[in-house]
Each structure stands twice: as structure tokens, then as C-alpha cells.
Amino acid sequence: MIHENLLRYRQSRYLWWGLALIAVSFAIYALPTGSQPRNGGTWQGYALGTVGALLIVWLSLLGIRKRRYGGAGSTVQGWASAHVYLGTALLVTATLHSAFQIGWNVHSLAYVLMCAVIVSGFYGVYAYLSNPRKMSRSRAGGSRESLFADLFALDAEGRRLAESCDAEVRVAVESSIARTQLGGGVLAQLTGRDGSRFVRRDASTGTTTASAPVANANQVPVIDFVAARLPRATKRAEASNLQDLLAVLTRRQAVLKRIRSDIRLQAALKIWLFVHVPLTIALLGALVIHILVTFLYW
Amino acid sequence: MSDAERFQIIVIGSGPAGLSAAARAAHYDQQRNASRPSYVLLESFNAHAKTIQRYQKGKHVMAEPGYLDLRSDMQFGEGSREQILDTWRDAIPAQQVNIRFGAEVKKVTGQKGDFTVELTSGERLLGEHVVLGIGLEGNPRKLGVKGDDLPNVQYHLDDPAEFEDETIIVVGAGDSAIENALALAKQNDVIIVNRRDEFSRAKEGNLNGVLAAISDANSRLSCLYNTQTTVVEPDGARMIAVMETPEGERRIPCDRIIGRLGGVPPRAFVAAAGVQFPNDRPEAIPELTDKYESNVTGLYIIGSLAGYPLIKQAMNQGYDVVEFINGHDIKPADQPLLEYQFLGLPFEREVNELLDLFKRRIPMFAELNALAFRELVIESTVLASYPGDGLAAEAVAKMNALDERLKDRNPRPRSTRIIHEGEYIYRAGEFGTSFFTIAAGEVELTSADASGTVTRLAQGQFFGETSLLSGRPRLEDAKAGANCILVETPRRTMLKLMNSNESVRRGIDWIFVVRELQRQFAPYSRIRDLREVADGVKLRAFRAGETVFKEGDVGDCLHIIRSGGVTLTRASRAGSVVVAEVRGGQRIGDMALMGDPVRRETATATVALETIEVKRPQFLALVGREDASIERLQREASRGATVSAAMAGQPEVGAVMSFLMDQGLGEATNVLVIRDDLCIGCDNCEKACAETHDGITRLDRSAGSTFGDIHVPVACRHCEQPHCMKDCPPNAIHRAADGQVFIDSSCIGCGNCESNCPYGVIELAYDAPKKPGLLSWLLFGRGPGPGEEANYVPSAAAKAKGKKARKCDACVGIAGGPACVSACPTGAARRVAPAQFIDLVAIER
Amino acid sequence: MDVLLREVRRRADGRSEYIDTEIGGDVFTVGSAPDCALQLLGDGIGPRHAGIRGASLQCEGGHRVVRNGQSTAKAKLSLGDVVEIGGHRLTVIEAPAGFDLAIELLRDASVEASAYESAFKTDLEQTWLGRRRPAWILLVLVLIASFAVPFALRYMKVESPVGVVTDVTWSSGPLLPAHQLAMGDDCSACHVAPFQKVTDAACQTCHENLADHFHDDLEVDGAVERCAVCHREHNEPGTLIVTADSLCVDCHETAQPTRGGGRTDVATGFEIDVHPAFDAHLLKSVARPAGTGFFYDWRFEVTAVAGAEERSNLKFPHDVHLDPEKVQSTSTAEALVCGDCHQLSADKEHFQVITMEQHCRSCHDLRFDETDPERELPHGEPLEAILAIEGHFLKKYSDPDGYKAERVKRRLPDRPVADDRCTGAPYTCATRKTLTESINQFTVRGCVTCHAVEDNGSPDVYSRFQVLPIRLAVDYFPGARFDHFSHMTQKDARGDDACLTCHAADTAAASEALLIPDIDNCVQCHSGSASADRVVLGCIECHAYHPGSALTALREMRPLP
């Protein structure tokens with residue numbers, strides 16, 4: 001086995017580190033406190049707190065280590081693996097440090113932020129482990145670039161074919177190409193919603209919707225529109241032209257589908273970082289204040 | 001015709017060599033202030049140094065080899081193409097060089113004393129000596145039709161951007177034609193005219209490019225296949241090219257015609273003058289004396305045609321050759337280099353004596369001409385071994401003193417390498433392609449395989465040929481004996497020699513075959529026992545994709561793979577299934593000789609392939625020996641058979657395997673493989689690469705091809721026989737002991753490696769600008785952040801330095817190994833050695 | 001406005017062809033977005049790159065175009081102008097009739113294929129989402145809300161407007177309700193100076209007159225530096241007081257020097273060998289000659305309980321009083337119980353004062369003339385008693401009938417009849433009678449039963465007798481607390497038995513017997529450390545850090561010289 005994923009890195013060595021940390025935390029917590037109640041104020045509390053604080057700082061250093069390249073001795077994967085396991089263990093350490101006391105204060109703020117960061121991290125691990133496979137399946141060997149190259153070629157081909165069709169088809173096809181939507185806003189990318197539209201002009205009814213293009217979800221409407229033309233084609237040339245056009249549109253539809261799902265999966269893969277990172281920074285701030293204030297009001 | 005002018009020296013070709021020679025001659029004329037020049041410099045082109053004129057604009061030209069001093073009346077130092085050309089242009093009148101432009105020589109006849117040089121203009125010149133400095137490129141082949149000399153018919157293209165919105169016809173189907181056409185089509189209407197119905201001679205990249213452009217309706221490039229130009233007629237400012245197309249004659253109005261039909265190789269011309277070549281190989285170099293004189297007395301050959309591609313060498317020769325003609329027996333400029341080489345030897349002799357001695361002692365070099373051998377030694381390193389006593393210390397001290405003396409020479413000239421008796425020259429498993437000849441003493445080879453055979457080599461013998469020829473790591477340990485003297489020759493020099501000298505080639509091939517046979521069949525036998533068997537076997541070469549043998553054939557031979565790789569496939573209902581990948585040093589088809597003669601597999605060359613073909617009689621002779629390791633052969637054969645059978649049962653594994661082979665992994669030694677099902681596309685690998693390699697990434701993750709979940713990005717495979725190394729003027733591409741192929745700082749940016757690399761992993765780029773620190777980006781978003789800056793603007797200094805070739809060096813010398821791998825957060829990126837390919841596919845099960 | 005867009009395409013054979021498109025709308029938009037009137041792709045082309053209204057071109061979003069070779073952001077277009085956008089070229093041409101503007105477009109085909117992706121937003125990085133900016137914003141928010149503002153309000157003495165976060169958010173837990181009630185959310189009440197632990201001064205602003213553990217005769221001071229060592233706030237779910245023995249033992253595991261030059265006992269727990277034997281605080285009277293008699297002064301002495309005697313000048317044999325044969329209650333005619341005399345006072349530790357009137361007189365009357373049993377002496381004032389005797393007999397002898405009455409009375413065997421008779425003046429008889437009766441009361445029967453009496457034998461009867469004063473220690477162990485109430489019911493003893501388990505009163509013949517038990521008695525049921533068969537006893541179960549009132553009272557008394 002040449003490749004091993006984050007969790008299996010080196011026979012999951014950091015899993016054991018994490019478990020060890022949890023064990024130690026419980027051990028410290030369990031030590032007798034004399035007549036003192038268990039909380040952050042006892043020496044056990046201070047010990048756990050110190051461990052937790054150092055751990056948080058180290059965990060957030062991943063962002064820098066990841067970008068300090070050519071570092072001898074350690075690999076980023078190793079760091080990431082440790083990051084995951086120790087980060088999880090931190091949840092226990094910090095909770096024991098707080099001794100399950102929560103209140104409306106900076107101390108609990110730091111705790112809550114930390115939990116939020118860790119939870120978002122859990123999602124991240126899940127996404128990192130599951131999405132890449134889905135993505136490579138959906139790209140089916142191609143790359144994002146190649147898919148777009150295909151799309152570009154198909155668009156050009158579609159336009160070319162459309163030129164020699166009657167006005168309605170041409171408008172329909174060209175508008176459907178021009179108004180194809182991929183990705184877009186955050187929601188659009190996450191949901192993969194298709195906001196494509198096209199201009200449907202129908203001589204039979206004489207209505208034109210140039211001003212307000214109609215929805216063209218997954219290109220089905222425009223394909224149907226063109227397909228509907230096929231039987232009405234009078235000349236052989238026109239018919240075969242429409243045939244080709246239809247072929248192009250359907251291939252285009254397939255490519256678009258792939259790109260869209262790729263975008264969707266990629267968004268799902270990345271979105272958590274936009275929570276994880278800012279919250280981490282906020283956490284660091286809260287952590288500093290938590291410590292500062294503890295000694296400010298000694 | 002009036003009686004022809006007569007000269008002492010006629011120099012043909014105003015390249016560096018010719019110019020230098022002419023300048024020297026001019027110098028002597030001025031000394032005895034001659035009324036009329038005693039020499040003439042003939043140039044077919046309308047400017048001097050045609051080859052350099054054709055370098056791309058502003059190209060930076062290096063003054064390699066750095067350690068060689070320039071000896072010429074012409075100035076030369078590293079600088080831009082323009083600077084160099086201008087210095088010479090100004091020097092020509094200044095030094096009153098008697099040069100004739102546009103004087104293309106048709107042929108040279110006669111010999112020392114009375115040479116006749118006939119020009120295409122019909123004019124004749126008489127000379128006592130003729131100096132050929134015409135280089136290798138030769139004159140471009142003309143269209144060869146009426147009107148092919150019209151003003152707007154040209155045979156090279158400096159700058160495609162010069163022309164805009166013209167209709168340009170490009171004639172030719174080679175890489176240069178395609179490259180020109182594609183470049184011009186950006187802003188011109190271009191028609192590329194191909195005599196045949198396909199672009200067979202083109203590199204893959206160019207081929208795809210041109211075909212795509214032709215089929216693309218929007219591109220301004222179109223193509224006429226099976227078309228010949230019949231005549232070109234002027235038409236006012238424009239022209240009309242008359243073409244013979246399959247559909248019949250077509251008259252195409254155009255503004256410009258660019259002929260790219262390759263050059264007329266100068267060999268024919270040279271041969272016509274009576275000069276003999278050692279063999280028919282195109283790369284062959286004529287036999288020359290140590291005074292550059294060919295077998296035709298009075299006819300001297302210098303410069304790249306004589307096998308000296310570097311400008312400085314050529315200029316020195318120009319100077320020397322005139323000195324020789326004037327009867328001054330001067331020492332060549334490279335004399336001191338040889339002195340350094342020999343300084344560390346246990347005895348002191350004059351350089352030429354030593355050269356002579358070595359030459360005599362090494363049979364293979366015996367009939368090498370003095371010049372070639374001298375060159376060989378200069379480019380080699382001399383090793384001298386001492387017993388571990390005072391002598392060694394003494395020698396070392398001597399060399400240190402020398403180093404001290406040369407310390408401000410950059411690069412420092414090579415000097416004797418002192419080693420100790422019993423020291424390892426190389427160890428098995430190291431990558432090393434240099435070739436060793438024993439000038440004195442003994443060397444002990446211990447093979448690393450099970451047999452552990454020990455071979456003692458004596459004076460005159462040589463070793464290291466296996467790696468030289470196959471590009472594979474060393475197979476044995478080489479230990480220096482008591483006071484032995486070795487000549488270590490780099491691969492490049494060796495190949496040049498083999499191409500130009502048949503006997504050397506035969507000698508090396510032969511010993512390769514013998515040692516390979518010994519290794520494969522009779523590890524304990526002695527070389528000479530294998531002699532007649534060795535003479536019986538045949539060396540075979542196959543192109544990539546060529547079939548070695550077919551399933552179902554009746555086989556009468558086996559192949560030992562000398563270099564390259566072979567894919568074994570079996571036919572099945574699902575089509576052909578890959579059952580094995582066989583690489584250098586392994587055998588294929590031995591079942592045919594050991595059991596059932598019917599081939600079970602089809603063997604296809606994955607990459608360019610060289611094999612040793614062993615027919616039945618030789619095989620029987622080999623396995624018939626009492627010391628033959630017959631049971632080992634049987635064991636291996638049966639193992640091979642079972643593996644093949646197993647693979648045949650898993651077509652999907654075979655499919656992955658063949659995909660990998662299509663990606664050229666057949667010749668790879670170290671390749672980056674990314675698991676798509678782990679890759680999150682963060683491009684941290686690329687960024688790491690850029691950050692650890694002065695801001696320019698050598699790998700393109702998203703590019704490259706994918707099969708299942710295995711993605712082979714565009715990144716160097718560190719081939720067994722690197723294509724990029726083939727033709728590097730300054731010899732700037734090296735292979736580290738661990739196999740990494742890398743480019744050192746002496747790159748001159750010529751771009752040969754880029755065009756030679758079939759995997760497109762080398763790019764020419766300016767140095768990237770310095771970036772602000774990581775934290776200032778992390779915190780305040782200052783600067784472009786980690787990774788290669790998209791279309792960065794190079795600094796003036798970087799521009800002046802010029803573009804340099806950039807390729808993956810597998811992070812040689814970077815602690816922590818390849819940055820792309822160590823920077824991958826998910827473990828998707830791994831560098832894989834051939835032995836691990838099977839593990840790769842194993843995952844697929 | 002109507003725009004004619006003429007796209008120039010080159011055919012493979014080199015000929016150009018024109019494709020005209022009419023475009024309506026009031027603005028002619030150019031950009032990489034698909035819904036632009038003219039969609040152009042390529043590096044550096046924005047989704048909305050530029051818009052043309054009328055003849056004026058206006059770039060958007062900081063993009064620029066190259067017009068006739070000059071880079072510009074806005075331009076007035078005139079015939080023949082060439083505008084380049086990312087390699088594509090727009091040329092303004094003669095507008096045919098019915099068009100406001102005509103543009104000839106020459107696309108750069110080479111860039112488009114590669115740049116097609118740039119036409120769409122395909123990566124979250126291209127959306128409003130970010131990492132750096134949100135991070136900064138959040139960070140600043142956190143810093144301001146949870147530190148800057150409270151800090152300003154607290155230390156820069158800014159008036160805190162309502163609904164603004166104050167330093168209450170720094171609290172690490174709830175206060176003791178009483179404290180919460182007292183100082184509410186005013187942290188500065190205790191946290192006076194930054195980075196300084198809460199000082200005792202802060203506590204003592206409210207808790208003023210708290211006796212100090214280190215009273216004058218202890219040299220050590222500051223060994224227990226802060227109130228907060230034992231009193232922890234924000235310490236939920238615990239109480240305010242830290243009850244760990246360690247807090248005491250820290251000091252008391254070694255003998256602490258006292259001003260008197262002595263040393264405190266060493267105590268590390270509650271066991272025979274780790275806790276010192278009990279020392280009782282006892283009272284002792286000291287006599288000084290004063291006038292005809294003495295002045296008695298009380299001092300206290302501290303002696304080991306073992307073998308200590310109580311010198312209270314009271315004659316009271318506990319064994320006699322608890323012996324049912326000898327003494328019965330006048331009211332119930334039953335034997336006496338402890339509770340008949342010893343009534344637990346409210347503090348459950350000490351007992352109510354025992355008085356002659358309440359507890360003794362029912363048995364011990366003060367009659368002195370059997371002929372007149374109704375008459376009793378007053379208690380507590382010897383002189384009054386003598387005067388009362390004298391007055392009684394003066395009256396008796398000066399009464400003419402008295403004598404007769406005396407006569408008819410049957411004579412008592414134990415008295416010489418002769419004495420009854422008064423021969424002579426009544427005053428003389430009375431005086432003589434007073435003397436004899438006083439001697440009788442002070443030395444034979446009466447006072448002397450319970451009291452010690454000094455008889456200086458002087459002829460002056462008034463100054464002849466002195467009754468020694470009685471005083472019992474209020475608290476034998478002022479440094480310790482003991483809850484009698486909870487000990488009145490024990491494992492297998494109720495009522496008096498419970499008392500007797502510690503106080504061996506029923507066998508105590510001597511009045512001096514000190515019935516206070518020593519530690520060995522306590523450790524039968526108690527232990528300093530948890531154990532199965534004994535009740536755990538922490539230091540502060542018996543000892544108060546802050547000395548109780550008893551000790552304070554005691555201190556007012558001077559020790560024995």
C-alpha cells in the first residue's frame with residue numbers, strides 16, 4: 001500500500017497519541033482535589049488548561065507549517081493526521097479543564113469557539129475522505145480544465161450548427177449557450193442549482209420571450225425544443241443539421257452535468273475551511289483573553 | 001573565366017571557428033604588412049555566424065566550458081546573442097578580415113598546395129590550405145523550384161511577431177515548420193504545405209497542436225496535404241504560389257513563403273572533398289589528426305563539424321589551425337587542463353607522453369585518433385589510487401595545493417582524483433552512467449546479485465558499461481585495487497565517441513553482451529569462455545510500440561533487455577490483457593527455449609527498446625556449461641509464468657499497468673503518482689515545488705492523465721536514459737547518485753532539453769521575482785502568496801539573465817525528500833519507483 | 001440604444017467572414033459573464049468588464065481597457081477607435097442607418113479555450129466567502145466585546161451605559177449569594193488592582209471586627225497570608241470556606257513560636273499521637289490580705305486535663321448527689337439526674353449557670369432557730385446573716401411573753417436548758433446568743449456545708465468570718481468547640497449514661513475532681529482521617545480559625561503569674 005489516507009497515516013500512530021492524551025487528561029482530572037470542587041481553579045484545572053492552550057496554539061500552527069515547504073523530518077500529512085487526532089482529544093482535555101461549567105463569560109466563549117472549530121473540523125475530515133473519490137468518479141478521468149475545453153468546443157460547434165438553422169432555433173441555441181449558468185454564488189455552488197435560461201421564440205404561437213428568457217434547467221427544455229423541430233424539418237440538409245445540433249446539445253448537457261457536480265462537490269469539500277479558519281483565529285483571540293483575564297482578576 | 005584568385009588559406013564558414021581562423025590569418029598579414037590578403041573567409045549567408053544569427057532574439061549565450069581559456073584574436077565572452085554578434089561584426093572591419101558574404105561553396109577539390117574551391121556563382125578560388133568551419137547545420141534546403149529566391153521567400157524565421165495579417169505559406173512538415181506555422185497563425189492566415197498525407201516527423205506536442213489548429217474552424221491555420229510547390233510567381237508586391245494538390249493545380253496568392261525543409265547536411269559536401277568518415281551514422285565525425293587535419297592533406301576541419309559544439313573550443317581551434325598551417329607547433333589551449341588531470345599520478349611525465357601511454361595501454365582506444373583521445377581525457381576525470389600510506393597523503397597535499405592555486409577559477413578545472421586502495425569507486429544500486437577504463441592496476445567487481453561473483457579487471461579493461469548503455473543503476477560494487485589509474489568518462493562523451501568510432505562501439509557492445517550473458521546464465525564462468533557464445537548472439541533494437549514477438553508464434557530465441565521496457569500481453573475475450581512489465585536486465589521469452597516453443601504472450605516495446613537476442617544454439621551452449629545456474633533459470637521462468645497467469649486473471653490490474661506504461665513509466669525511475677480519491681486539489685504540491693525551487697513550479701497537478709483513481713501529473717519521470725540529457729551543449733543536466741536528474745546553473749537556456757522531453761515536463765522560464773514573507777501574506781494578504789505567481793513579471797536582471805530550463809530535480813539535496821510529497825496534506829501524492837508499480841495496481845484489486 | 005456587433009471570423013482558407021448581431025438594451029455590456037451583451041473570455045476580463053452607453057465607454061470594478069494603445073478606465077468612443085480587452089479587439093465602425101453604434105469584433109481565439117472557465121464562478125474563492133477578512137473581523141469583535149470594552153469601562157472609569165458588556169463577563173463563576181447581594185456586579189469591590197490577588201483589606205472593608213487567628217502572643221504572622229487562602233469566591237459548586245485540614249496542618253505540623261517564648265503544640269490530625277492531649281483552662285483564686293481579712297483574685301491556668309484539679313472553693317461531691325440512696329429530688333423523691341442541675345444553654349456547648357436559689361436550696365435550707373423554723377438566713381452576704389441572727393434574738397429576748405412561751409416548751413435533750421433562759425438584761429442574752437449561733441452557722445453547720453469559711457477568731461463577731469468566693473470556669477477549652485447536644489444521644493447510651501461516657505461524675509468523690517475527658521476519650525469514636533468504625537473529624541469541626549468569643553473573654557483575664 002503506497003498511499004495511505006489521513007487517518008491511516010503510519011498505522012494511525014496519532015490515533016494512539018490522541019487516546020493517550022485523553023487518558024492523561026482523565027487521570028489528571030481524577031486526582032483528588034482535597035476539599036476543593038473540581039474546576040479550572042484547582043491545580044488540576046491549571047494543568048489541563050496549560051495542556052489545552054499549548055495544544056490549541058500547536059494545532060493552529062498547521063496553517064503555517066503547511067506553507068513552510070521543504071521542512072525536513074516531518075511531512076504535512078503527518079501534521080494533518082496528528083492535527084485531526086489531537087484536535088479531537090483536545091475536546092476532552094478542554095471540557096475537563098472547564099469541569100463542565102458553562103456561563104455567559106469569556107471563558108465559556110473560548111470553549112464554545114473551540115468546540116465550533118473542532119466540529120467544523122470533523123466535517124472537514126469527512127469531506128476530505130469522501131469527496132475526492134466522488135469527484136474523480138464524476139470527472140471520469142478528465143480534469144476540470146479538460147471538461148471546460150470540451151464545453152468550449154461544443155459551444156463553438158453548437159453556435160456554428162445553429163447559424164445554418166432558422167431564426168428560432170438559432171436564437172434558442174445561442175441564447176441557451178450564452179445563458180448557461182455554472183457555479184455562481186455560494187449557494188448555487190453548494191447546491192449545484194442550475195439557473196440556466198434560454199430565449200424561446202415560437203412562430204406557431206407567435207409569442208416571444210426574448211425579454212424574459214425561460215428556465216433551461218439541465219438544458220432539457222432547449223433540447224426538447226430543438227427535438228420538437230426535427231419532425232417539422234422540411235429539407236434533408238436541415239434535418240441532418242438539426243440531428244447534429246441535437247447530438248451536440250446532448251453531449252453538452254452531459255459535460256455541463258459533470259462540471260456542475262464537480263463544482264458542487266468541490267464547494268462541499270472547501271466550504272468548511274471558511275468556518276474553520278476564521279473561528280480558529282477568533283478562538284486564539286478568546287484564548288488569550290481567557291488567560292489574560294484570569295490573571296487580571298486574580 | 002579569368003585565372004582564379006589564389007590564397008594561402010581559404011576559410012569556409014564564418015562561424016566562431018572560421019572567424020577566429022581568419023582573424024589569426026589577418027594578424028599574420030598585418031605582421032608582414034602584406035599588400036593583399038593571403039587568405040579569404042567565405043560565407044554563404046549575407047551575415048557572419050549564421051547559426052548564432054538564428055538564435056531567438058536576446059538569447060543569452062554562455063562561454064562554456066568555463067575552465068577553458070579563450071585563445072583568439074576575436075573577442076568572446078558570455079552575453080546576449082546581439083552583443084556577441086555586434087562585437088564580431090565590428091571586429092571584422094577593425095581587424096581587416098577579408099570576408100566574402102553570399103559566397104556559397106559548391107565544392108572543394110584538390111589537396112595541399114592546390115585546392116580548388118568552386119562557388120555556386122561559378123567563380124573559382126585556388127588555395128594551398130582549406131579550413132572547413134561550416135558547422136553541422138548546413139545550408140537550408142531550398143524549394144528547388146523557379147522563384148524560390150524571390151525576396152519574400154525565406155528559409156528561416158526570426159520573429160513571428162514581425163508579420164501581421166499576411167497570407168503566409170509554410171512549406172514543410174517538420175517541427176520547425178509546424179512551430180513557425182502555429183506562431184504565425186496567431187495574426188496571419190497561414191497555409192502549411194505538406195508533401196505527404198501526415199505529419200510523421202513531428203514531435204507529439206507539435207503534432208497535436210497542428211492537427212487541432214487545422215480542424216479548428218476559428219483558427220487561421222489551414223493545411224494542404226499531398227501537395228508540392230511547382231512554381232512561385234511574383235505578383236506585384238505579393239506572390240502567387242502554384243501548388244500541385246491532389247485536387248489538381250491551385251494558385252494561391254500570398255505575401256510570404258517560408259521554406260522549412262531542413263538543412264542540407266554538410267556531410268555530403270565534406271565527403272565530396274574526399275574526407276572519410278568512420279561510419280555511416282549521421283552523427284559520425286571525420287577522422288582528424290591532432291592538428292585538425294583530415295585525411296585529405298591540407299584540408300582542416302574545425303568547430304562543430306569536427307565534434308566541438310562549443311563556441312570557445314571552435315575559436316581556439318581556428319586560432320590553432322592557422323598557427324599549425326604557418327608551421328608553428330604550438331601547444332593547444334587546453335594543455336594546462338591535461339596537466340591538472342595528470343598532476344596526481346604517482347609518476348611525472350609530459351602530457352603527450354602520458355596520453356600516448358594511456359592510448360597504447362587501453363586496446364579499445366588504441367586506434368582512436370590522438371585528437372579524439374585527447375578530447376576524451378579532457379572531458380574525463382582521472383582517478384589514481386594509492387595504498388593508505390604516506391604516498392597518498394603526499395598526493396592529496398599536492399592536489400590541495402593545486403586546488404588552492406585554482407580556487408578563483410570558476411568553474412574549477414578538473415584535476416586528478418586521489419582515492420585509496422580498497423576504496424569503492426561505486427556501489428551497487430547507485431545511479432551513475434559514467435564509464436571507467438583502467439590505465440593501470442586492478443579493479444575488483446563484486447556483483448550484487450545472489451551469486452555474488454567477484455571479477456578482477458586488469459589494465460586495459462573497462463567497466464561501468466551496463467549503466468552507460470541501459471541507464472539502470474550499477475549492478476555491482478567496484479573496488480579500487482593497488483595503485484591503479486582509472487579514466488572516468490561521462491556518458492555524453494562516451495556516446496559521442498561510440499557514434500563516431502565503430503571499434504569503440506563494438507568493443508563496448510561486446511563486453512556488455514558478455515557480461516550480461518555471464519550475469520544471466522553462467523555467473524561463475526570466465527569471460528573468455530563465453531567468447532564464442534557472445535559472438536553468436538545478436539543485438540536488436542525496437543521502436544516504441546514495435547512487436548518483439550507474438551502470442552502463438554513458435555519462438556526460437558529469448559531476449560535479454562538491454563535498455564527500455566517491454567509489455568507482455570495475452571489475448572482474451574476482453575481483448576488483450578497486460579500480464580507483465582519487463583524492464584532492463586530481465587529476460588523475456590525464455591519459456592520458448594526451455595519448454596513449449598509456442599509463445600504465450602505478445603511482447604511489445606513500451607519505449608525504445610534494445611535487447612540481446614539469444615538463439616537456441618547459444619542458449620544450449622550456455623545452459624550446457626557445468627557452471628550454468630540452470631535451476632535458477634527454471635525457477636525464474638516458472639515464477640514468470642505463474643505471475644503472467646495470475647495477471648491474466650485480473651484484466652483490470654493489467655489495464656492500470658498498461659495505462660502506467662502509456663504514461664512512459666516504462667522508462668521511469670521515480671515518478672509522481674497522485675491518488676485522485678485522496679487528492680483534494682489544494683495544489684499544495686505545486687506550491688511546495690515552486691517555493692522550494694525559486695518560485696517556479698516544475699509540476700502541473702491538474703494536467704496529465706488519469707486512469708481510475710491513479711493520476712500521473714505532468715512531472716519529470718527521471719527516465720532511465722533521460723531524453724533531456726541527449727543534447728545539452730554545456731552538459732548542464734546530471735544524474736545524482738540516487739537517480740535524480742537535474743539541471744545545474746550552467747544551463748544556457750538553449751531549449752534542447754525542453755524539445756527533447758517527450759513528457760513536456762521541462763519549461764524555459766525567467767527567474768521569478770522575490771516574494772514578501774509568508775506571514776505578511778498570511779496576515780495581510782501581501783504578495784501573491786505561496787506557489788508560482790501566475791504570469792509574473794520578471795525583473796530586469798532576470799530578463800538579462802535570460803530564460804533557463806526548469807525541471808523537477810526530485811528535490812535532490814533537500815532534506816525531507818521531494819517537497820511535493822512531504823507537502824501533501826492528505827497523502828495523495830507519492831513518488832513511486834518502478835518496483836512499486838505493482839503495489840499501485842494492487843490497490844485497485 | 002441599438003448596437004450592431006460585427007464579428008470577424010477567419011475561415012480556414014484565409015478569407016474573412018462577418019457575422020452581424022443586433023443588440024438592444026440601454027447599455028451595451030462587455031464582460032466574461034454569460035449574460036453580458038458581449039461575452040469576452042480571457043485573463044483579466046471581469047464578469048462585468050465595461051459598459052458602453054451612447055458613445056461613452058465606462059469600465060467597472062477597477063478594470064481597464066486599452067484604447068488606441070492607451071490604457072484607460074473610461075473613454076469617449078469615436079469612429080475608428082480600437083479598444084482592446086484582454087487580447088480581443090473592438091473597432092468602432094461606421095454605424096448603418098437605425099443603429100446608434102457599430103462595433104467590429106476580432107476575437108483572440110487562442111486565449112478563449114484556455115480561459116473559458118474564467119467565464120464562470122466555479123470556486124468558492126471567487127465568491128464573497130473568505131478566510132482572512134472574516135478572521136480579522138471575528139478576532140477584532142472578540143477582542144473588543146470581551147476585553148476592550150470591559151477594560152475601558154473598568155479602568156478608564158467610563159460610565160457604563162446599560163446593555164453594554166462589562167467586566168462581569170470576566171467572572172469565572174457565580175458569587176456567594178450573600179456577596180452577590182452585597183456588591184452585585186461591582187468586580188472592583190474585591191479586584192482592586194490589576195494582576196493583584198484579592199487583598200484582605202478588600203474583605204475587611206465589610207468584615208471589620210474579625211478576631212485574628214494570630215493574637216498577640218503568637219509571633220508568627222502572615223503564615224496564612226490571605227483570607228482567600230481559605231475563602232474562595234467564584235468557586236462553584238463549592239462553598240466559600242475551604243475546609244481542608246491541610247490548610248491548618250501547613251503551619252501546625254511544626255511548633256509555632258509564641259511571644260511568651262513558648263511554642264504551640266504540633267498537630268497534624270486527630271489521633272492520640274498526632275494531636276496533643278487536651279489542656280484545660282482552669283480558674284484559681286489568689287488571696288491577698290485586705291483589712292481584717294483577704295481579697296480573693298481569680299486567675300486562669302492552663303494544665304493538662306490528666307490530673308488537673310478544679311479549685312472553685314465549692315464543696316460538691318458528685319458521687320453523693322448521684323447516689324439514689326443518699327439524695328433524692330425534693331419534688332419527685334427520685335434520684336437526681338444530671339439534667340436537674342446542668343441545663344444546656346442555647347449554644348449547645350455550654351451550660352446555664354447553677355445557682356443556690358434554683359438548684360441547692362430546696363435541700364440545703366438556711367434555718368438557724370428551730371423554735372422558729374420559718375426564719376432563714378439570707379444567702380450570699382455573711383454580714384447580713386449575722387445581723388439577721390442578732391436582730392432575731394434581740395427581738396426574742398426583749399419580748400416578755402417569749403420567755404413564758406419558752407418555759408412551757410418541752411425541753412430539747414441536745415441543749416442545756418440553762419442556755420434558754422435569760423437571766424439578766426435581754427440585750428446581753430441576745431449578744432451572747434448571736435455569737436454562739438454565728439459560730440455555729442459558719443463553722444459547724446450551715447454555710448460551711450458547701451463553702452470554705454475563714455475564722456479569724458476576733459472578738460468582733462462581725463469581722464470574724466469570711467466565706468471564700470466560688471467561681472467555675474465558663475469554658476474549659478476556649479480554643480475548641482464541642483456540641484453537647486449532638487453527643488447526648490450516643491451509640492448505646494441515653495440520658496445520664498450519655499453524659500457519664502465522658503464525665504465520670506457518679507464516681508467522683510472529691511469536689512476538686514475535674515470531670516473533663518481527655519483526647520483518648522474522643523478518639524474512641526472520632527478520627528482525623530476517614531475510617532470505617534469512627535467518625536471523621538476535621539480540624540475546623542472543633543477549632544475555629546477565627547477565635548470564638550470564649551477565648552476573647554478569657555483573654556481579658558490575666559494568666560497566673
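For clarity, every value in this text was computed on a predicted model and none was experimentally measured. Each chain gets a letter, A, B and so on, in the order its sequence line appears, and its residues count up from 1.
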Which atoms of [X] approach chain C - backbone, side chain, both or neither, heavy atom under 4.5 Å:
X	value
Ile259(A)	neither
Asp155(A)	side chain
Val106(A)	both
Leu296(A)	both
Leu182(A)	both
Leu147(A)	neither
Leu151(A)	both

Over 60° means perpendicular and under 30° means parallel, so classify the ring planes of His276(A) and His83(A), tilted if in between.
perpendicular
Do the ring planes of Phe147(C) and Trp170(C) sit parallel (below 30°), tilted (30 to 60°) or perpendicular (above 60°)?
parallel
Select, from [options], the one with the greatest count of heavy-atom pairs under 4.5 Å involving chain C.
options	answer
Gln189(A), Gln101(A), His107(A)	Gln189(A)
Leu109(A), Thr294(A), Leu292(A)	Leu292(A)
Phe274(A), Trp104(A), Phe295(A)	Phe274(A)
Gly185(A), Ala99(A), Pro278(A), Ser108(A)	Pro278(A)
Gly184(A), Gly285(A), Ala267(A), Ala282(A)	Gly184(A)

Is it true that Arg160(A) and Glu163(A) make a salt bridge, defined as a side-chain N closer than 4.0 Å to a carboxylate O?
no
Electrostatic pair Glu145(A)-Arg139(A), nearest N-O below 4.0 angstrom:
no
Could you tell me whether the side chain of Ile103(C) reaches within less than 4.5 Å of the side chain of Arg6(C), counting heavy atoms only?
no
Contact check, side chains of Thr169(C) and Ser146(C), non-hydrogen atoms, under 4.5 Å:
no
Which of [options] touches chain A most, by non-hydrogen pairs under 4.5 Å:
options	answer
Leu141(C), Ile137(C), Asp167(C), Val140(C)	Asp167(C)
Arg132(C), His234(C), Arg131(C), Gln196(C)	Arg131(C)
Asp245(C), Leu143(C), Val198(C), Asn235(C)	Asn235(C)
Pro194(C), Cys190(C), Ser171(C)	Ser171(C)

For [X], is it the side chain, the backbone, both, or neither that has a heavy atom closer than 4.5 Å to a heavy atom of chain A?
X	value
Ser246(C)	neither
Arg232(C)	side chain
Asp123(C)	both

When you look at Ser176(A) and Asn216(A), which way does the side chain to side chain donor-acceptor pair (under 3.5 Å) test go after all the steps?
CA-CA 7 Å; Ser176(A) 77; Asn216(A) 184 19; 4.7 Å; no
Asp194(A) and its side chain to side chain donor-acceptor pair (under 3.5 Å) partner, picked from Lys257(A), Gln181(A), Gln219(A), Arg260(A)
Arg260(A)
Just checking Arg159(A): does its CZ atom have more than 12 heavy atoms from other residues, nucleotides or ligands closer to it than 6.0 angstrom?
yes
Looking only at side-chain N and O atoms, does Ser138(A) offer a donor or acceptor that is under 3.5 Å from a partner on Arg264(A)?
no
Show the atom names and distances, to 0.1 Å, of all donor-acceptor pairs under 3.5 Å that link a side chain in residues 22-31 of chain C to residues at least two apart or in another chain.
from	atom 1	to	atom 2	distance (Å)
Thr29(C)	OG1	Ala37(C)	N	2.8

Would you name the heavy atoms of Leu269(A) and Ala127(A) that are closest together and state the gap between them?
CD1-O, 3.4 Å
